[in-house]
S.K.: 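First the structure, then my questions, so here it is.
Please read all numbers here as calculations on a predicted model, not as lab measurements. In each ligand, atom 1 is the first atom listed, and ligand 1 is the first ligand listed.
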Amino acid sequence: MSLLLPTNLQQYPSSSSFPSSTPLLSPPPSTAFVPRRKCLRLVTSCVSTVQSSVATNGSSPAPAPAAVVVERDQIRLGLPSKGRMAADAIDLLKDCQLFVKQVNPRQYVAQIPQLPNTEVWFQRPKDIVRKLLSGDLDLGIVGLDTLSEYGQENEDLIIVHEALNFGDCHLSIAIPNYGIFENINSLKELAQMPQWSEERPLRLATGFTYLGPKFMKENGIKHVVFSTADGALEAAPAMGIADAILDLVSSGTTLKENNLKEIEGGVVLESQAALVASRRALTERKGALNTVHEILERLEAHLKADGQFTVVANMRGNSAQEVAERVLSQPSLSGLQGPTISPVYCTQNGKVSVDYYAIVICVPKKALYESVKQLRAVGGSGVLVSPLTYIFDEDTPRWGQLLRNLGL
Ligand SMILES: Nc1ncnc2c1ncn2[C@@H]1O[C@H](COP(=O)(O)OP(=O)(O)OP(=O)(O)O)[C@@H](O)[C@H]1O
Ligand SMILES: O=P(O)(O)OC[C@H]1O[C@H](OP(=O)(O)OP(=O)(O)O)[C@H](O)[C@@H]1O
Ligand SMILES: [Mg+2]
């Protein structure tokens with residue numbers, strides 16, 4: 001990777017010399033609960049964080065901050081303060097019956113009455129990651145892209161839930177769909193283009209100044225130089241500033257509108273919102289593990305139910321067993337653990353009898369129509385479909401994983 005002539009974008013030669021757009025500076029957390037002696041240690045640790053991280057977000061992995069857990073009574077959860085993740089994060093918590101009470105949008109601290117030992121702090125997503133690392137936050141909701149870029153594989157960061165079902169996008173290389181790139185459709189073809197040399201490397205514009213150089217290095221692409229900007233990167237190729245870009249894509253509209261295309265092998269990562277925690281907080285801060293357990297249980301119950309419908313149907317039959325056999329003969333009707341089948345009691349000529357059975361199953365939303373067709377095929381009628389709110393399993397699989405990860 002080599003240096004290119006300056007342009008109107010900031011240019012940096014490689015991952016090792018990519019300077020920071022913003023230093024990892026986080027203000028000391030509230031000292032309200034910090035005893036005096038701890039206060040001194042806290043300041044020391046903040047100073048060392050600042051000094052050691054001026055070359056981020058695109059340099060070598062940030063060193064683990066000093067292992068200090070500041071004493072405070074409240075567990076701190078960081079939520080995105082604005083942008084596309086903010087409303088969805090609050091809505092998700094609301095769907096889990098966790099109501100974030102924010103008096104007005106400019107107030108950066110809020111409460112969740114259902115979690116009395118927890119404070120919400122609204123921060124920019126990248127600052128959530130930085131503050132998890134500095135110990136100023138204990139938990140956070142951010143995109144996996146931001147976590148990877150600013151967390152830089154730091155072992156103190158633990159992904160508690162990696163798929164919160166919003167903020168979906170992917171980080172991808174894109175090139176012009178015209179000119180010398182017209183017939184280039186893969187990373188390999190891009191790398192092998194005769195145009196790139198030590199003197200004239202491929203110019204890649206990205207805001208991902210850590211992940212970009214790392215990805216190119218891992219893919220053996222040597223003749224590349226990086227530049228950065230804060231947004232509207234898709235303009236860079238047409239402006240003649242860059243040959244390619246590395247940016248987030250969701251609908252693909254921005255690429256299309258700027259005559260750019262993605263290439264095979266060019267996806268650096270898939271991203272969506274995740275619940276992230278500081279390992280130190282979970283192991284050392286009183287109450288943090290209980291809080292994360294409760295949040296995780298609620299999230300899992302909601303997210304699992306979110307993809308499912310409850311389907312109730314009537315079915316004529318001689319016995320529950322016989323109805324069950326018919327239902328289970330269909331591939332999409334086994335539900336989560338098999339159908340629940342109950343007799344429907346009717347009176348006929350003054351006598352109570354059972355001619356029908358009600359069957360209840362959970363059906364993935366995507367398979368709803370197929371399931372209705374299969375139900376009809378085995379004699380189902382009067383099909384009622386309703387949304388499912390929560391599925392609380394015996395155990396949350398991610399909780400077990402988390403405990404193993406923490407060595408507990
Ligand atoms: N199409 C998309 N473009 C960018 N980010 C997306 C997209 N879809 C989902 N996301 C998620 O939203 C996050 C960006 O949120 P937002 O746009 O609020 O930016 P930000 O982090 O506040 O950055 P900045 O304010 O510096 O632009 C991404 O990190 C990603 O996880
Ligand atoms: O695939 P799409 O749905 O078109 O979304 C992708 C675009 O959205 C984001 O930009 P953003 O809107 O944050 O603007 P910015 O680049 O100016 O920050 C991202 O950086 C892409 O440019
Ligand atoms: Mg953009």
Side-chain angles (χ1 to χ4, degrees), residues 8-10 18-26 56-58 78-93 102 105-106 108 120-133 137 140-152 157 159-177 204-212 215 226-239 241-242 244-263 266-276:
N8 51 345
L9 282 180
Q10 292 166 263
F18 228 129
S20 156
S21 48
T22 328
L24 260 185
L25 174 59
S26 51
T56 277
N57 56 335
L79 295 184
S81 53
K82 60 178 187 176
R84 33 167 75 78
M85 309 274 288
D88 286 347
I90 289 183
D91 288 348
L92 173 67
L93 293 173
Q102 188 188 19
R106 303 302 298 168
Y108 291 131
V120 168
W121 287 90
F122 292 101
Q123 293 287 296
R124 296 287 278 273
K126 53 188 131 183
D127 289 329
I128 292 179
V129 179
R130 291 168 176 155
K131 287 184 165 69
L132 283 167
L133 286 171
L137 288 172
I141 292 182
V142 289
L144 290 169
D145 58 313
T146 311
L147 179 72
S148 309
E149 175 66 25
Y150 294 91
Q152 304 186 355
L157 295 171
I159 301 175
V160 179
H161 198 304
E162 76 298 344
L164 297 183
N165 233 357
F166 69 94
D168 296 64
C169 56
H170 58 277
L171 180 62
S172 186
I173 292 176
I175 56 173
N177 54 22
L204 191 83
T206 185
F208 289 80
T209 59
Y210 169 69
L211 292 175
F215 181 77
F226 300 89
S227 62
T228 193
D230 287 337
L233 284 169
E234 289 84 352
M239 290 174 82
I241 295 166
I245 64 161
L246 172 65
D247 197 8
L248 295 172
V249 181
S250 49
S251 67
T253 310
T254 315
L255 290 184
K256 204 164 138 239
E257 293 301 324
N258 289 282
N259 300 313
L260 299 172
K261 63 182 176 188
E262 292 183 78
I263 49 176
V267 175
V268 175
L269 61 80
E270 296 286 343
S271 179
Q272 61 175 295
L275 174 66
V276 186

S.K.: Measure from the side-chain N and O atoms of T206 to the backbone N and O of I245, and report whether any donor-acceptor pair falls under 3.5 Å.
M.R.: no

S.K.: Is there a side-chain contact between I173 and F215 in this structure, where contact means two heavy atoms from C-beta onward sitting under 4.5 Å apart?
M.R.: yes

S.K.: L255 vs N177, test: side-chain contact (heavy atoms from CB on, under 4.5 Å). Steps then yes/no.
M.R.: CA-CA 10 Å; L255 290 184; N177 54 22; over 6 Å; no

S.K.: Less than 4.0 Å between atom 14 (O) of ligand 2 and some protein heavy atom, yes or no?
M.R.: no

S.K.: If you have a sec, work out which protein heavy atom is nearest atom 31 (O) of ligand 1 and how many Å separate them, to one decimal?
M.R.: D145 OD1, 2.6 Å

S.K.: Going by atom types only, do E262 and S172 share a side-chain donor-acceptor pair under 3.5 Å?
M.R.: yes

S.K.: Identify the protein heavy atom lying closest to atom 18 (O) of ligand 2, giving its residue, its atom name and the separation to 0.1 Å.
M.R.: G231 CA, 3.9 Å

S.K.: Any protein heavy atom sitting closer than 4.0 Å to atom 27 (O) of ligand 1?
M.R.: no

S.K.: Looking at ligand 1, would Q272 count as a contact under a 4.0 Å heavy-atom criterion?
M.R.: no

S.K.: Could you tell me whether D230 and ligand 1 have an N or O pair separated by under 3.5 Å?
M.R.: no

S.K.: Just how far is it from atom CG of D145 to atom CG of L269, taken to the nearest 0.5 Å?
M.R.: 6.5 Å

S.K.: Report the nearest protein non-hydrogen atom to atom 1 (N) of ligand 1: residue, atom name, distance rounded to 0.1 Å.
M.R.: S250 OG, 2.6 Å

S.K.: Could you work out, for atom 12 (O) of ligand 1, the closest of R84, H170, Q123, K126 by heavy-atom distance?
M.R.: R84

S.K.: Counting only heavy atoms, which portion of D168 has something under 4.0 Å from ligand 1: side chain, backbone, both, or neither?
M.R.: backbone

S.K.: Do me a favour and list the nearest non-hydrogen protein atom to atom 24 (P) of ligand 1 with residue, atom name and distance?
M.R.: R124 NH2, 3.7 Å

S.K.: How far is atom 2 (P) of ligand 2 from its nearest protein heavy atom, and which residue and atom name does that atom have?
M.R.: S251 OG, 3.3 Å

S.K.: Considering non-hydrogen atoms of the protein only, which is the closest contact for atom 11 (C) of ligand 1, and what is the distance?
M.R.: M85 SD, 3.6 Å

S.K.: Taking the side chain as every heavy atom from C-beta outward, state whether K261 and I175 have any atom pair closer than 4.5 Å.
M.R.: yes

S.K.: Within a strict 4.5 Å, meaning less than it, do heavy atoms of the W121 and L137 side chains meet?
M.R.: yes

S.K.: Starting from atom 6 (C) of ligand 2, find the nearest protein heavy-atom neighbour and note its residue, name and distance.
M.R.: L248 O, 3.4 Å

S.K.: Any heavy atom of G231 closer to ligand 1 than 4.0 angstrom?
M.R.: no

S.K.: Please examine the side chains of L93 and L79, heavy atoms only from C-beta on, and report whether any two atoms are closer than 4.5 Å.
M.R.: yes

S.K.: Flag atom 19 (O) of ligand 1 as yes if some protein heavy-atom distance to it falls below 4.0 Å, otherwise no.
M.R.: no

S.K.: Just need the protein heavy atom nearest to atom 22 (O) of ligand 2, so name the residue and atom and give the distance.
M.R.: E234 OE2, 2.5 Å

S.K.: Walk me through whether L248 and F208 qualify under side-chain contact (heavy atoms from CB on, under 4.5 Å).
M.R.: CA-CA 9 Å; L248 295 172; F208 289 80; 3.9 Å; yes

S.K.: Looking only at protein heavy atoms, which one is nearest to atom 16 (O) of ligand 2, and how far off is it?
M.R.: A232 N, 2.9 Å

S.K.: Is a side-chain donor or acceptor of S271 paired with a backbone partner of L144 at a separation under 3.5 angstrom?
M.R.: yes

S.K.: Please work out which of H170, R84, E257 has its closest non-hydrogen atom nearest to atom 9 (C) of ligand 2.
M.R.: R84

S.K.: Can you find a heavy atom in the side chain of P125 that is under 4.5 Å from one in the side chain of V142?
M.R.: yes

S.K.: Heavy-atom distances under 4.0 Å decide this one: backbone, side chain, both or neither, for D247 against ligand 2?
M.R.: side chain

S.K.: Which pairs pass salt bridge (charged side-chain N to carboxylate O under 4.0 Å, His left out) with one or both residues in residues 161-173, sequence neighbours excluded?
M.R.: E162-R398

